[in-house]
Amino acid sequence: MAAIWVSALILVAASVNVVAGTHELGVNWGTMASHSINPKIVVQLLKDNGFRKVKLFDSDPWMVGFLAGTGIEVMLGIPNDQLEFLSEDYGNAKDWVQENCTAHLHNEGVNIKYIAVGNEPFLTSYKGRFTKTAFPAMKNIQKALNEAGVGGKIKVVMPHNADVYESKSDKPSDGEFRSDIRDLMHQIVRYLKDNKSPFVVNIYPFLSLYLNSKFPSDFAFFDGGHQIQDKNVQYNNVFEANFDTLVNALKKAGTPNLPILVGEIGWPTDGHKEANKANAKKFYDGLFRVLASDKGTPLRRGEIQVYLFGLFDEDTKSIEPGNFERHWGIFDFDGKPKFEMDMSGNGAQKELVAAKGVKYLPKEWCVLASYATNQKLIDDQISWACSKSDCTALQDGASCSSLQLKDKASYAFNSYYQMNDQDENACDFKGLGTVVIQDPSTESCKFNTQILVCGATRLSFVCGAITSFISLVTLFSFL
């Protein structure tokens, strides 16, 4: 049974970033949201909360530019859909490095440490789509870095899902790279070793609970309880068991001392019965204690470097892995902290610093009109609204799942209305919707008002005018 639990964790992926010790904390900054917070505000939030490392999923120059002069260590990302382009022609890789990396390395520039080539490109669900392009793209990018004279400072990495390794016995000691990509992975880890680059892996204990109803819940956390015995080694949490499965895979590949970074680790707060704030806080408290101890795992002693996943909730992420996928943030979509965190690992619980300067659309919501009685039409409009917005909080076990049907309709309508910037036509729903100024939220279910998206250099004039208009609307609503 122990093997099944380790395998369950290895099966699927998600996303996040952090490292041991407050001075080493990193976090994943994803932007798959209908309304993303201004990067200038985000960078200040990183600084206010002591995050010294950040992992990006692309290289948007607008975002990257705000990190200049901060000293924050940056991992730039190259999406999987660019791997073929970068692998087929070295000139493409050279241009990419010049435009997205070295352009930011001026005096008081961006502290770029890693280039992440691809994101979990060998997931089993991709069915080998990137196996021929990821490694060549990786080598081309590193060659371009070397030619630019920055290859000693900036290294390529390739973030992997934990499903790139397996264990025939489901115990860490039998860990090895997956049979269909074993030769390729051996080439990659040896290249990383020669290039003095770390192995980056994403580990999600939450997925063990999500994928296996018989998984002992305490083994997903760090408080002890369930244990597994692997020869002379004992494991009391699935994170360490999974990590050491990788350690053994690296040994068998001839790279036993290759450094390991945990590129994503975290716990979602909605969309599933196990995805809630209480469990997330419990998980992070345990994780931070482990990181602060600097004891490492049974097979890899010392500091464990990790990136938390993630910074914010992202309401346009694919929910194919599960409804929880849009709720990995330690901050809500608007930059408000979800719960206290002891990032020191020493019992010093404190509220994270919220994003400063976030502006909101007017305090109004779209709800199901009181006169609506056509149940079939209501059901149809709920389905339509949810197909074009985010209703993951309505799913079984989620924060809004206990709402009455009429309130679920209101939630769905409001989600669509807010995602479309409170456009009056977005609260029609064939005559079933109506706009109200009284917050319909309940104790457990939050009906959001969306943030106003303003760029520091993009649409700043227009945004300023809209902000002034909203202030007038808010004023007159109280007269």
Side-chain angles (χ1 to χ4, degrees), residues 13-19 26-33 36 39 42-43 46 51-68 70 72-87 92-93 95-105 109-123 126 129-130 133-142 144-145 150 153-161 164 188 192 195 197-203 261-266 305-312 314 316-318 325 328-329:
S15 303
V16 163
N17 293 19
V18 173
V19 175
V27 67
N28 284 269
W29 178 6
T31 57
M32 298 182 70
S36 294
V42 177
V43 170
L46 294 173
F51 290 108
R52 300 295 301 276
K53 301 184 180 185
V54 67
K55 178 171 166 281
L56 309 178
F57 292 91
D58 56 26
S59 57
D60 182 349
W62 192 50
M63 291 172 58
V64 176
F66 283 107
L67 291 161
T70 64
I72 295 173
E73 183 182 291
V74 179
M75 182 186 296
L76 297 179
I78 296 177
N80 291 335
D81 61 9
Q82 295 182 27
L83 296 178
E84 182 176 2
F85 174 74
L86 295 171
S87 68
N92 295 337
D95 290 343
W96 189 96
V97 166
Q98 182 178 354
E99 295 168 7
N100 297 283
C101 181
T102 55
H104 297 290
L105 301 182
V110 182
N111 179 22
I112 300 172
K113 181 68 177 290
Y114 299 112
I115 308 293
V117 181
N119 184 44
E120 300 182 335
F122 304 147
L123 268 174
Y126 291 154
R129 179 181 173 188
F130 304 109
T133 56
F135 190 30
M138 184 184 197
K139 290 188 288 187
N140 278 347
I141 292 294
Q142 187 65 59
L145 291 170
V150 296
K153 174 180 179 290
I154 302 173
K155 301 294 185 179
V156 293
V157 295
M158 185 181 294
H160 293 286
N161 185 273
V164 298
I188 289 174
L192 292 172
N195 197 55
S197 297
F199 187 98
V200 178
V201 62
N202 301 335
I203 299 178
L261 297 184
V262 179
E264 298 178 15
I265 186 169
Q305 298 193 48
V306 305
Y307 291 85
L308 300 182
F309 188 82
L311 199 54
F312 307 112
E314 300 172 71
T316 62
K317 288 190 72 177
S318 169
E325 193 65 19
W328 288 97

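Note that the structure is predicted; figures quoted are calculated from it, not measured. Residue numbers count from 1 along this sequence.
What you find for Asn80 and Asn119 is that their closest heavy atoms are OD1-N, 2.8 Å. The heavy-atom pair separating Cys101 from Leu76 by the smallest distance is CA-CD1, 4.4 Å. Here the shortest heavy-atom pairing between Gly263 and Val200 reads CA-CG1, 3.7 Å. Residues Gly30 and Glu314 approach most closely at C-OE1, 3.2 Å, considering heavy atoms. In terms of heavy-atom proximity, Met75 sits nearest to Ala116 at SD-CB, 3.9 Å. Here the closest heavy-atom approach between residue Leu83 and residue Pro121 is recorded as CD1-CB, 4.2 Å.
Side-chain contact between Val64 and Phe66 is absent, with no heavy-atom pair separated by less than 4.5 Å. You'll find the side chain of Phe312 stays beyond 4.5 Å of the side chain of Thr31, heavy atoms only. Residues Glu120 and Asn202 have side chains in contact (heavy-atom distance under 4.5 Å, counting atoms from C-beta outward).
Residue Leu86 forms a side chain to side chain contact (heavy atoms under 4.5 Å, CB included) with just one option from Asn140, Ile78, Val117, and that option is Ile78.
Evaluation of the side-chain hydrogen bond (donor to acceptor under 3.5 Å, both in side chains) rule for Asn195 yields Gln142, Ser197 as partners, not counting sequence neighbours.
Between the CG atom of Leu311 and the CG atom of Leu46 there is a distance of 6.0 Å, given to the nearest 0.5 Å. Rounding to the nearest 0.5 angstrom, the gap separating the CG atom in Leu123 from the CG atom in Asn161 is 4.5 Å.
The salt bridge (charged side-chain N to carboxylate O under 4.0 Å, His left out) pairs that include a residue from residues 109-119 are Glu73-Lys113, where partners are two or more places apart or lie in different chains.
In this structure, Lys139 satisfies the cation-pi test against Phe135, with its NZ or CZ atom closer than 6.0 Å to the six-membered ring centre and inside 45 degrees of the ring normal.
With no hydrogens or angles considered, no side-chain donor-acceptor pair links Glu99 and Trp96 at under 3.5 Å.
Aromatic rings of Tyr126 and Phe122 (six-membered ring for Trp) have centroids beyond the 6.0 Å cut-off, not under it.
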